[in-house]
Enquirer: 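Have a look at this one before I ask anything.
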Amino acid sequence: MNILGIETSCDETGVALYSGDGGLLAHRLYSQVALHATYGGVVPELASRDHVRRLLPLMTELLEHTGLARTDIHGVAYTAGPGLAGALLVGAALGRGLAWALEVPAVGVHHMEAHLLAPMLEDPAPDFPFLALLVSGGHTQLVAVEGVGRYRLLGESVDDAAGEAFDKTAKLLGLGYPGGPAISRLAAEASGGRYRFPRPMTDRPGLDFSFSGLKTFAINTLRTQDGAPGHEAEIARAFEEAVVDTLVIKCRRALEATAYHRLIIAGGVSANSRLREALATLATERGVEVYFPRLEFCTDNGAMVAYLGYLRLAAGQQESAAFSIRPRWPLDTLDVPLPED
Ligand code: KG4
Ligand code: ZN
């Protein structure tokens, strides 16, 4: 069974083919970063229009690369939410329409569930249960995962998501969009130690996060700095250390609370090398296994959508020809667990 996956929830157009027998056959990605860079962030309407331009050529390229014809597609999965409404509609309309024309089933999948399962595309893949740290541009969540569709939200951001905090702080420092990689590059130039940012909400029990104060702290540090050379790199470094340290502290707590022996990290911020190293150290300390997606599957991609779509379609889930999208879609309202085999 070959499943086509389509991702268009934000500023990346992603397509992939996942096969029940052969695993991930191929994937293609078109990033709109250059299109939005001039505006310092994603412009929703420009994103939708660019998905319209890119999606079909990308799909044709994917099929040509694999040597498959459209009729070799046995099911279609598209991201139905959460995300930008117009952008989601492009993938949903094309995916649903294609499935209708090919007379194959289609399923709309949850973007964060797709991120959560992205480490399953690696070898070795984690077994259930595991603790998941989801860190993207829109979400920061700790989730207890007992199986596909069996998620318990343990904590989440009460304001800005970690990725959002990276993006906003990068903007303050005059760096480009997306801010995460830009902050990381600048931070690498710092010798460190000049500034120390707070670790928000770590002084009280609980697994929620709050990152918006770090942005304010960065503004104030920038205002009061002494003008010494390299202070921006020092701010980037202190900010990155504070985010990473806070995530590590909460992961440690969540591992203690769940007593799970596996930790997975997914979403755009999981591409951050300081975070990957710090969580690998935490895992060693606690004797747990840690799993990351490969770098290209940390940020948005079609492969994770094709894989999740395969799982759901193989379990018999599908949608009628009347499709919908859900720009807001809390992960813990997913109540369609897959049967255990
Ligand atoms: O998962 P993703 O591609 O899209 C959403 O679902 O939101 O995540 C994008 C976020 C952006 O905020 C971006 O700045 C952040 O991930 N990001 C990073 C890194 N690469 C991407 N943050 C920190 N370090 C990175 N290397
Ligand atoms: Zn994402």
Side-chain angles (χ1 to χ4, degrees), residues 5-14 16 27 29-33 36-37 40-42 44 47 51 78-84 87-88 91 109-119 132-141 156-157 159-173 175-188 209 211-212 214-215 236-237 239-248 264-279 292-305 307-308 327-329 331:
I6 301 176
E7 158 62 36
T8 63
S9 68
C10 190
D11 59 347
E12 327 266 1
T13 317
H27 71 102
L29 187 81
Y30 179 84
S31 169
Q32 301 180 356
V33 162
H36 301 290
V42 179
H51 287 308
Y78 53 87
T79 302
L84 303 171
L88 289 168
V109 304
H110 191 290
H111 182 75
M112 294 313 292
E113 183 181 29
H115 271 304
L116 193 154
L117 296 174
L133 172 66
L134 297 180
V135 269
S136 72
H139 295 80
T140 304
Q141 298 182 322
E156 67 182 330
S157 176
D159 43 51
D160 292 354
E164 198 177 350
F166 267 99
D167 293 337
K168 289 180 175 171
T169 305
K171 217 169 182 174
L172 284 174
L173 293 172
L175 305 172
Y177 175 85
I183 293 234
S184 267
R185 275 193 301 273
L186 184 61
F209 304 91
F211 290 112
S212 69
L214 289 180
K215 175 190 62 203
R237 168 137 176 180
F239 168 83
E240 189 180 45
E241 276 176 358
V243 174
V244 167
D245 211 23
T246 304
L247 293 171
V248 169
I264 72 109
I265 299 97
V269 184
S270 67
N272 184 280
S273 46
R274 190 178 286 272
L275 178 64
R276 290 167 88 97
E277 279 163 30
L279 288 170
F292 309 95
R294 74 193 78 165
L295 287 178
E296 59 191 318
F297 295 164
C298 289
T299 40
D300 292 347
N301 64 87
M304 63 185 192
V305 175
Y307 173 66
L308 172 56
R328 288 177 190 278
W329 192 2
L331 183 66

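The analysis underlying the following values was restricted to heavy atoms, covering all of them including side chains, and did not include hydrogens, waters or symmetry mates. Keep in mind the model is a prediction, meaning the values are calculated, not measured. Remember, it's 1-based here, ligands and their atoms both numbered in the order they're listed.
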Enquirer: Under 4.0 Å from a heavy atom of A271: give me the atoms of ligand 1 that qualify, with their elements.
Expert: 26 (N)
Enquirer: Distance to 0.1 Å, residue and atom name: give those for the protein heavy atom nearest to atom 10 (C) of ligand 1.
Expert: G137 N, 3.5 Å
Enquirer: Check all N, O or S atoms of D300 and name the one closest to the Zn ion (ligand 2).
Expert: OD1
Enquirer: How far is atom 2 (P) of ligand 1 from its nearest protein heavy atom, and which residue and atom name does that atom have?
Expert: D300 OD1, 3.4 Å
Enquirer: With rounding to the nearest 0.5 angstrom, report the CG to CE distance, L331 to M112.
Expert: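 Answer rounded to 0.5 Å: 7.5 Å.
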Enquirer: What's the spacing between L29 CG and E296 CD if we round to 0.5 Å?
Expert: 8.5 Å
Enquirer: Tell me which N, O or S atom of H115 sits nearest to the Zn ion (ligand 2).
Expert: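 Closest N, O or S atom of H115 to the Zn ion (ligand 2): NE2.
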Enquirer: Do D167 side-chain atoms and P178 backbone N/O form a donor-acceptor pair below 3.5 Å?
Expert: no
Enquirer: How close do Y177 and V42 get, counting heavy atoms only, and between which atoms?
Expert: OH-CG2, 3.1 Å
Enquirer: Quick one: sort the H115 and H111 rings into parallel, tilted or perpendicular, breaks at 30° and 60°.
Expert: perpendicular
Enquirer: Of all the atoms in ligand 1, which lie at a distance below 4.0 Å from a heavy atom belonging to G138?
Expert: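 Going through ligand 1 atom by atom, the ones under 4.0 Å from G138 are 7 (O).
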Enquirer: What residue and heavy atom of the protein are closest to atom 20 (N) of ligand 1, and at what distance?
Expert: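 Protein heavy atom with the smallest distance to atom 20 (N) of ligand 1: G268 O, 3.4 Å.
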Enquirer: Please state which protein non-hydrogen atom is closest to atom 6 (O) of ligand 1 and give its distance, to 0.1 Å?
Expert: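 Ranking protein heavy atoms by distance from atom 6 (O) of ligand 1, first comes H111 NE2, 3.0 Å.
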Enquirer: Any idea which protein heavy atom is nearest atom 12 (O) of ligand 1, and the distance to it?
Expert: D167 OD2, 2.8 Å
Enquirer: Which single N/O/S atom of H111 lies at minimum distance from the Zn ion (ligand 2)?
Expert: NE2
Enquirer: Any donor and acceptor pair, going by atom type alone, linking the side chain of T140 with main-chain N or O of A162 inside 3.5 Å?
Expert: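 The answer is yes, because a donor-acceptor pair under 3.5 Å joins these two groups.
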Enquirer: Between the side chain of T8 and the main-chain N/O of A87, is any donor-acceptor distance below 3.5 Å?
Expert: yes
Enquirer: Parallel, tilted or perpendicular for H110 and W329, by the 30°/60° rule?
Expert: tilted
Enquirer: Can you list the atoms of ligand 1 that are under 4.0 Å from a heavy atom of G163?
Expert: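 Ligand 1 atoms under the 4.0 Å threshold to G163: 12 (O).
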Enquirer: Is there any N or O on P178 that sits under 3.5 Å from an N or O of ligand 1?
Expert: no
Enquirer: Of the choices N272, N301, D160, which has the non-hydrogen atom that lies closest to atom 26 (N) of ligand 1?
Expert: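 Looking at heavy atoms only, the winner is N272.
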Enquirer: Out of curiosity, N301 CG to L295 CG, how far, rounded to the nearest 0.5 Å?
Expert: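 The CG atom of L295 is 12.0 Å from CG of N301, to the nearest 0.5 Å.
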Enquirer: Donor-acceptor check, side chain of D159 to backbone of F211, threshold 3.5 angstrom: yes or no?
Expert: yes
Enquirer: Given G180, A182, C10, which one has a non-hydrogen atom that is nearest to atom 25 (C) of ligand 1?
Expert: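 Answer by nearest heavy atom: G180.
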Enquirer: Does ligand 1 have a heavy atom under 4.0 Å from the side chain of H115, from its backbone, from both, or from neither?
Expert: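 Side chain only.
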